[in-house]
Amino acid sequence: MTVPTAEAAAITEQIIDRGMSSFGATLPIDLADLTAATATATATVDDETDGRSLRRSHNRTAVIISLSQLIREGLLDPSVPQIADRAGVSHRSVFRYFDDLNDLVRLTVDHVVNETMSLREIPDLGVGPLEYRIDIYVETRLRVHAGAYAVSRVAGIKAQKIPSIEEGLRALTVITRSQMAEHFAAECDHSSDREMLLDALMVLTSFEAYDYQRRLLGHGSERIRHGWHSSLVTQLTPLTPLTPLTPVE
């Protein structure tokens, strides 16, 4: 069943307002903001407890960002020493900031989802001729997949053991499916099986399809773009409503 646009919008607002809310935690503040806050606090806050709390928050955020950086550099399962060294904290302190490694991974996925959420917006949603809408949709999906590629691979693997990541991925799928249904509403409405069509289009442009073509087949972005565009044209063109011909007098 396709989720109504209003419901999808509500889910989007939750994700933007609270980080990836289905993952169960509010994102830590941005490291750049935290650095500025640290400088201000050093000059104005004398309370030792507040200082320790701020340092803890700083180190916790540094660890999350360091893990996301290492993953993006190709280390999908870095060791605690590698993460700690990148963050500039002691190896033992990592487990003072997080319940366990799964907790750290979950918060790192939160961070990347929040960081790339704006990439999911489709310009001119549902507006324009089919070819234009296909171009826009393909570019949006490629941008999302490329922007969070390595972390998305980790999220897919870890979702099997971390239910909150699985729930978050399902929420993003709801949003994407609703966007697609609205973007190609004219074609979906003329399909004999609307839900089956949406299923096929979702699979065609999914992260799993992108990963398979990029990592296993070695295809570059241009090859993937061309293949997706051609496939969407094939799936949707026969369903485009015909413009009635103006009778010739």
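Nothing here was measured: the structure is a model prediction, and the numbers come from that model.
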Tell me if a side-chain donor or acceptor on Q213 pairs with a main-chain N or O of A209 at a distance below 3.5 Å.
yes

Taking only residues two or more places apart in sequence or in another chain, which ones pass salt bridge (Lys or Arg N to Asp or Glu O under 4.0 Å) with R72?
E115

Going from CG on L54 to CG on N59, what distance comes out if it is rounded to the nearest 0.5 angstrom?
9.5 Å

Under 3.5 Å: donor-acceptor pair, side chain of R60, backbone of Y97:
yes

Roughly how far apart are D135 CG and L130 CG, rounded to 0.5 Å?
9.5 Å

Look at the rings of F207 and Y149 and say which category their plane angle falls in: under 30° parallel, 30 to 60° tilted, over 60° perpendicular.
tilted

May I ask you to say whether R133 pairs ionically with E182, meaning some side-chain N is under 4.0 Å from a carboxylate O?
no

CG of L125 to CZ of F184, rounded to nearest 0.5 Å, is 9.5 Å

Which residues pass the salt bridge (Lys or Arg N to Asp or Glu O under 4.0 Å) test with E208, not counting sequence neighbours?
none

Under 4.0 Å between a side-chain nitrogen and a carboxylate oxygen: does that hold for R170 and E167?
no

How long is the span from the CZ atom in R141 to the CE atom in M180, to the nearest 0.5 Å?
7.5 Å

Under the salt bridge (Lys or Arg N to Asp or Glu O under 4.0 Å) rule, collect the residues that match up with D189, sequence neighbours excluded.
R194

